[in-house]
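Take a look at the structure below.
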Amino acid sequence: MIGDPVRLKTAALLVLLGLLTMLAGIGQLTFWAPAETVTASVPSDTKAAPLTVIDQKLIALHDGPVKIKIQGEGNFIVATGRPDDVEAWVGKTAHNTLTGVSADQKALEVSSADGEATAPSPAGSDLWVSTEDASGDLDYTWNPPADGEWSLLVAGDGTQPAPSSISMTFPNNATTPWAVPLIVLGIIIILVGAALPFIAKALGNRRRDGGDDEPRDGDDEPRDGGETTTLPIQPSTTQPSTTQTPEIKSPTGDEGRRRGAGTAGTEGPALRITALAATLAAVMVGGTAIAAQATTTPEATPTSSAAATADGGTPVMLESQLQRILEQVASTVDAADAAKDAAKLAPRVDKMELQIRSQNYKIRSTVSAYEPRMPVRATKLQSSVISTKRDWPRTVFALTQGEGNVVPQVLTLVQLSPRENYKLWASAPLQPGTNFPSFPVPRKGTEPVPASDSTGLAYSGNEALEILSEMLTNPESPNRSKLADGQSSPYIAGALAYQADTVKNGTSANFKFTHTPVTNQTVVLRTADGGAVVVGRLDFAFEGTPKAAGDKLLLEDDSAVFAGGKETTTGMVLNFAESVAVYIPPAGSADPMKLVAATRGLVGASFK
């Protein structure tokens, strides 16, 4: 007999299998669970270099905060910047780059690049969004300052090797996708095993009951119980015998019938249920494997930098960087203005602004009543215009108004190369009654436009400045209708009135006025409405020549500082630098261009 023993053994095996499966799942959540973090370190045999770069791919390798431990000798800095900014600053200097983590999660992968043995100190660079200064060792928790990709630069003073003892602790992304499925599968198998004896017995009784109720051909038909369990039942093809023979139920037939019922009704259901449990287990494991693959192999998604590129590029700085840079520029200009010392301007002022302020100091050193230049203020920052042009030179505009600023002024800041800081190239007060055009928000940045390109614009930047210079030179310019003047542009009206009054009052001399664009200082950034603002410089030359021999020209005290005297009978030339900003409407607009901001400063005078 194998009915009850088979059922019990099968049930016990299923319960044991279920317990082991459930234990394996629980173990993955407890004593077999992976560590919450993994720590990888730079190999000790890494070649020394003055700079170490922690690549953005390594920083973004795991979700969540990354803890970085750096140990070195002396002072060092950890700077955060965009990957292309870090790469550009490193340039041709020898450096190590931490690019990834080894398969065993214990070592950081390092690539070394040969190059120049030293570099300037990266401290104080405008490229960095933030910096951490340290001495000896630093425990640093990385958190991205904004959306997008970021890299880290580790360096000492640029002449000594950068710290090489670096370890990074990441959140462990190892998952246990099998844990819950194994627990559930184990419970199912235990339930199946526990229910097996009852289900199998019920199925066996049902089969036996069904066999006793089957109709018989007659009590007088002979039966052979032993033959019934081994041969398939065939339908009768002969007529029953007319001779009635008493039915004899032998023990052999009864036993054979019982044996047949035991085999088909007990062992068969048990085997079928066991097979069903095995099939279910296979399906669950297969599903778990698929889930595990989906968990450990996340679908690739476009990076924020790629998205930013699709939207027109990543701004060259954050607004917080611009605020910091403006504060340093304002502080530098304040110190130089107070001391009337042009040398103090050098770190943060260049081009036209440097020339105008330097000459203003020179005049004021002699002519105490001469008006100083408008101060540069970092606050209040009313508008930030940040370019998305990521190669150099880079340009940003800022509209600020603070103490000493009667009206807001437009500041033009330019960075010529990665290792140079932004410098103030120009400042110009906003025209009274004029609103500064609207630009895209700083986090999106604005598109730069080549000065010679008029795509999508009524005029190119160069054309706009040519039209302005022509109007300032010739009040009857045929292009006068293309640029708003009169009350809409106090500067244009004032310049034309100054020139007309000079001619009217200078009866003994001939005068000539010219305004000429300086094309290598022209910058164009697109506005939110599809137009653009062009900022540039005009050179304003004012020439005077006596009409007759013996006629004299008298210079003002400010011009005499440069000319070396106040009288001339041969003629004179005064030179001014004009800082201007012009709004260009989009193509198809019927509106004229508008002078947004303008000022001029005397930069020279000479006798002919």
Side-chain angles (χ1 to χ4, degrees), residues 41-56 58-59 66-99 108-143 145 150-168 316-318 320-321 324-325 327-329 331-332 335 343-350 392 394 415-423:
S41 302
V42 172
S44 58
D45 59 350
T46 300
K47 183 179 179 182
L51 305 174
T52 297
V53 177
I54 303 178
D55 190 79
Q56 62 88 15
L58 176 59
I59 296 175
V66 178
K67 294 184 178 180
I68 305 173
K69 185 175 181 62
I70 304 174
Q71 294 179 312
E73 297 181 1
N75 299 326
F76 60 90
I77 185 175
V78 179
T80 301
R82 296 290 187 186
D84 58 339
D85 287 345
V86 172
E87 180 182 1
W89 195 95
V90 169
K92 297 181 180 180
T93 304
H95 62 281
N96 293 319
T97 303
L98 311 187
T99 58
L108 294 171
E109 296 176 345
V110 182
S111 65
S112 298
D114 294 331
E116 298 170 358
T118 62
S121 171
S125 171
D126 287 343
L127 289 184
W128 316 138
V129 176
S130 62
T131 58
E132 290 282 342
D133 296 318
S135 179
D137 61 296
L138 173 67
D139 289 318
Y140 178 68
T141 299
W142 161 253
N143 286 298
W150 302 95
S151 293
L152 298 178
L153 177 65
V154 182
D157 62 1
T159 62
Q160 300 297 319
S164 58
S165 177
I166 301 176
S167 62
M168 302 180 67
V316 297
M317 66 172 67
L318 302 183
S320 60
Q321 283 177 271
R324 185 188 72 217
I325 292 167
E327 289 171 358
Q328 294 178 6
V329 169
S331 176
T332 298
K344 293 182 180 293
L345 293 171
R348 285 294 187 176
V349 184
D350 201 2
W392 281 266
R394 295 176 172 181
Q415 185 184 39
L416 290 176
S417 67
R419 289 185 177 178
E420 294 183 76
N421 280 339
Y422 281 87
K423 293 186 177 183

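- The shortest non-hydrogen separation linking Trp128 to Pro122 is NE1-O, 2.8 Å.
- Atom-to-atom distance recorded for Thr99:OG1 and Leu58:CG is 7.5 Å, nearest 0.5 angstrom.
- With sequence neighbours excluded, the residues satisfying side-chain contact (heavy atoms from CB on, under 4.5 Å) with Ser130 are Thr80.
- To the nearest 0.5 angstrom, Thr97 atom OG1 is 12.5 Å from Glu109 atom CD.
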Run the side-chain hydrogen bond (donor to acceptor under 3.5 Å, both in side chains) test on Ser151 and Asp55 for me, step by step, so that the C-alpha distance in whole Å, both residues' side-chain angles and the decisive distance to 0.1 Å come before the verdict.
CA-CA 5 Å; Ser151 293; Asp55 190 79; 4.8 Å; no
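- Residues meeting the salt bridge (charged side-chain N to carboxylate O under 4.0 Å, His left out) test with Arg324, sequence neighbours left out: none.
- Shown here for Gln56 and Pro83, the closest heavy-atom pair between the two residues is CG-CG, 3.7 Å.
- Within the 4.5 Å cutoff, the side chain of Thr141 has heavy atoms near those of the Lys67 side chain.
- Every side-chain hydrogen bond (donor to acceptor under 3.5 Å, both in side chains) that Thr93 has, sequence neighbours left out, goes to Arg419.
- Summarising the local packing, CD of Glu327 is surrounded by more than 12 heavy atoms from other residues, nucleotides or ligands at distances under 6.0 Å.
- When all heavy atoms of Gln415 and Glu420 are compared, the closest pair comes out as NE2-O, 2.7 Å.
- Gln321 meets the side-chain hydrogen bond (donor to acceptor under 3.5 Å, both in side chains) test with no other residue; sequence neighbours excluded.
- Going from atom CD1 of Ile54 over to atom CD1 of Ile70 covers 5.5 Å, rounded to the nearest 0.5 Å.
- Nearest heavy atom pair, residue Ala119 against residue Leu51, reads CB-CD1, 4.3 Å.
- For Asp137, the salt bridge (charged side-chain N to carboxylate O under 4.0 Å, His left out) criterion is met by no residue, not counting sequence neighbours.
- Annotation: side chain of Tyr422 is in contact with side chain of Met317 (closest heavy-atom distance under 4.5 Å).
- Lys69 pairs by the salt bridge (charged side-chain N to carboxylate O under 4.0 Å, His left out) definition with Asp139, not counting sequence neighbours.
- With rounding to the nearest 0.5 Å, the separation of CD1 in Ile77 from CG in Leu138 is 11.0 Å.
- Just one residue in the list Val129, Leu127, Leu318 forms a side-chain contact (heavy atoms from CB on, under 4.5 Å) with Arg82, and that residue is Leu318.
- Residues passing the side-chain hydrogen bond (donor to acceptor under 3.5 Å, both in side chains) test with Asp126, sequence neighbours excluded: Arg348.
- In plain terms, the two heavy atoms of Ser41 and Ser167 that are nearest each other are OG-CB, 3.3 Å.
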In residues 152-166, what donor-acceptor pairs under 3.5 Å come from side-chain atoms, sequence neighbours left out?
{"unit_1": "Asp157", "atom_1": "OD1", "unit_2": "Thr159", "atom_2": "N", "d": "2.9"}
{"unit_1": "Asp157", "atom_1": "OD1", "unit_2": "Thr159", "atom_2": "OG1", "d": "2.8"}
{"unit_1": "Asp157", "atom_1": "OD1", "unit_2": "Gln160", "atom_2": "N", "d": "3.1"}
{"unit_1": "Asp157", "atom_1": "OD2", "unit_2": "Thr159", "atom_2": "OG1", "d": "3.0"}
{"unit_1": "Ser165", "atom_1": "OG", "unit_2": "Gln71", "atom_2": "OE1", "d": "3.4"}

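- Residues satisfying the side-chain hydrogen bond (donor to acceptor under 3.5 Å, both in side chains) criterion with Ser111, sequence neighbours excluded, are absent altogether.
- For residues 42-52, the set of pairs meeting the side chain to side chain donor-acceptor pair (under 3.5 Å) definition, not counting sequence neighbours, comprises Lys47-Asp114.
- Among residues at least two apart or in separate chains, there is no salt bridge (charged side-chain N to carboxylate O under 4.0 Å, His left out) pair with a member in residues 87-96.
- Counting heavy atoms from C-beta outward, Pro43 and Val110 have side chains that approach closer than 4.5 Å.
- Applying the salt bridge (charged side-chain N to carboxylate O under 4.0 Å, His left out) rule to Asp350 yields no partners; only residues at least two apart in sequence or on another chain are considered.
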